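Just so you know, ligand 1 is whichever comes first in the structure, and atom 1 is the first atom listed for that ligand. Given the structure is predicted, the values throughout are model-derived calculations rather than measurements.
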Amino acid sequence: MKKDFLEVSDFSTEEINEVFDLTEKMKKNPLEYSSSLRFKTLAMIFEKPSLRTRTTFDVGIQQLGGFSLYLSPNEINLGKRESVYDVAKNLERMVDAIMVRTFGHDIVLDMARFARIPIINGLTDYEHPCQALGDFFTIREIKGNLKGLKITYVGDGNNVCHSLLSAAALLGAHMWVATPRGYEPNLKAYLKATEIAKETGSVIEITNDPKEAVRNADVVYTDVWASMGQESEAEKRKKIFAPYQVNSSLFGLAKSDAIFMHCLPAHRGEEVTDDVIDSPNSVVFQEAENRLHIQKAIMFKLMKTS
Ligand code: CP
Ligand code: NVA
């Protein structure tokens with residue numbers, strides 16, 4: 001049975017911990033794994049821009065002995081030039097797995113249903129699961145454990161926020177989310193996280209008060225106020241989200257050893273100020289690097305056949 005990675009909750013707590021352990025080993029001894037996916041090919045479909053996702057999947061598959069193929073929006077034009085079904089039925093005969101970055105989450109769900117090969121979500125409007133696993137791996141690397149930590153996300157209740165919620169719940173971390181009214185995480189994503197949290201003992205809190213959320217936090221996380229595809233709302237959102245900016249006064253409410261995280265790209269001076277993102281507490285570049293290591297472990301888990 002092929003396995004996909006479309007949402008964080010496609011993996012169990014145990015599977016995530018296995019991926020983390022493998023990530024640690026791959027990061028420490030990359031050469032040991034240099035033939036793990038020999039001759040395997042990953043197609044990368046991008047319908048939105050990318051620096052980190054494209055680079056880390058591309059470099060990652062090559063470091064495992066495989067190849068990648070970049071398919072830009074102009075080439076594929078998913079669902080317009082050709083149906084998602086036809087794209088899936090073609091590619092499954094040519095490559096060993098497909099990473100997709102697109103708009104509607106339904107597109108990756110359909111792709112996974114149609115293709116006989118693993119599909120990896122490289123960001124949709126609903127989830128960014130590789131990001132969240134890399135982020136929690138980073139937190140584990142720095143803090144030593146995840147259970148019981150207070151992780152606070154401030155800003156828009158978006159794709160990254162949804163994936164972080166699931167990951168926190170699965171890993172037993174407490175997650176606070178502070179958003180402006182009307183920009184809370186999607187109800188389905190919130191309910192899924194609270195359901196999982198009942199099993200793992202994690203606490204999920206959604207509030208409109210950024211100060212309450214950041215107070216005594218171990219991790220403060222933010223993301224852009226207008227995601228890719230929401231550019232026309234950017235100006236309106238700047239006013240609404242201003243009280244949710246992670247600046248030194250808000251970040252100062254967190255624990256003294258709190259870390260600052262951001263999936264990047266950052267809009268400096270909007271959701272985060274330079275003094276926070278450039279401070280010694282900021283781990284944003286370690287976080288970005290870990291996308292490489294975590295995705296190598298994810299590809300290994302999904303693509304390794306023997
Ligand atoms: N964080 C992240 O996914 O970055 P890119 O959009 O550059 O891939
Ligand atoms: N929420 C952002 C994340 C970018 C990595 C977006 O979707 O544009």
Practice item. Measure the CG-CE distance between Leu165 and Met175 for me, rounded to the nearest 0.5 Å. Key: 4.5 Å
**Study point:** Option with minimal heavy-atom separation from atom 1 (N) of ligand 2, where the choices are Asp223, Leu123, Thr124
**Key:** Asp223
Check your understanding: Is Ile277 reachable from Val246 through a run of I, L, V, M, F, W or Y residues, each pair having side-chain heavy atoms under 4.5 Å apart?
Key -> yes
Review point. If hydrogens are left out, which of Met228, Arg101, Glu287 has an atom nearest to atom 6 (O) of ligand 1, that is, the closest non-hydrogen atom?
Key: Arg101
**Study point:** N/O separation below 3.5 Å, Asn159 to ligand 2
**Key:** yes
Review point. Quick one: does Lys48 get an N or O within less than 3.5 Å of an N or O on ligand 2?
Key: no
Review point. Quick check: does Leu264 get an N/O under 3.5 Å from an N/O on ligand 1?
Key: yes
Check your understanding: Near Leu51, which atoms of ligand 1 are under 4.0 Å from a heavy atom of that residue?
Key -> 5 (P), 7 (O), 8 (O)
Review point. Relative to Phe114, does Lys89 satisfy both conditions: NZ or CZ under 6.0 angstrom from the six-membered ring centre, and within 45 degrees of the ring's axis?
Key: no
**Study point:** Ligand-side contact atoms (ligand 1) for residue partner His128, heavy atom cut-off under 4.0 Å
**Key:** 2 (C), 3 (O)
Point to revise | Taking atom 2 (C) of ligand 1 as the reference point, the nearest protein heavy atom with its distance | key: Arg291 NH1, 3.3 Å
Exercise for review: Give yes or no for whether the N/O distance cutoff of 3.5 Å, strictly under, is met between Arg54 and ligand 1.
Suggested key: no
Review point. Does even one non-hydrogen atom of Leu264 get within less than 4.0 Å of ligand 2?
Key: yes
Practice item. Compute the shortest N/O to N/O distance between Met228 and ligand 2 and return yes if it is under 3.5 Å, no if not. Key: yes
Exercise for review: Give the residue and atom name of whichever protein heavy atom lies nearest to atom 4 (O) of ligand 1, and the separation in Å to one decimal.
Suggested key: Arg52 NE, 2.8 Å
Check your understanding: How far apart are the C-alpha atoms of Lys192 and Glu195, what are their side-chain angles, what is the distance that settles it, and do they pass the salt bridge (charged side-chain N to carboxylate O under 4.0 Å, His left out) test?
Key -> CA-CA 5 Å; Lys192 178 161 78 179; Glu195 206 48 47; over 6 Å; no
Review point. Hey, is Glu212 close enough to Arg215 for a salt bridge, meaning N to O under 4.0 Å?
Key: no
Check your understanding: Does Glu7 come within less than 4.0 Å of Lys188, counting only side-chain N to carboxylate O?
Key -> no
**Study point:** Stacked cation flag Lys27 on Phe137, 6.0 angstrom / 45 deg
**Key:** no
Exercise for review: Run the salt-bridge test on Asp4 and Arg113 with the 4.0 Å N-O cut-off and return the result as yes or no.
Suggested key: no
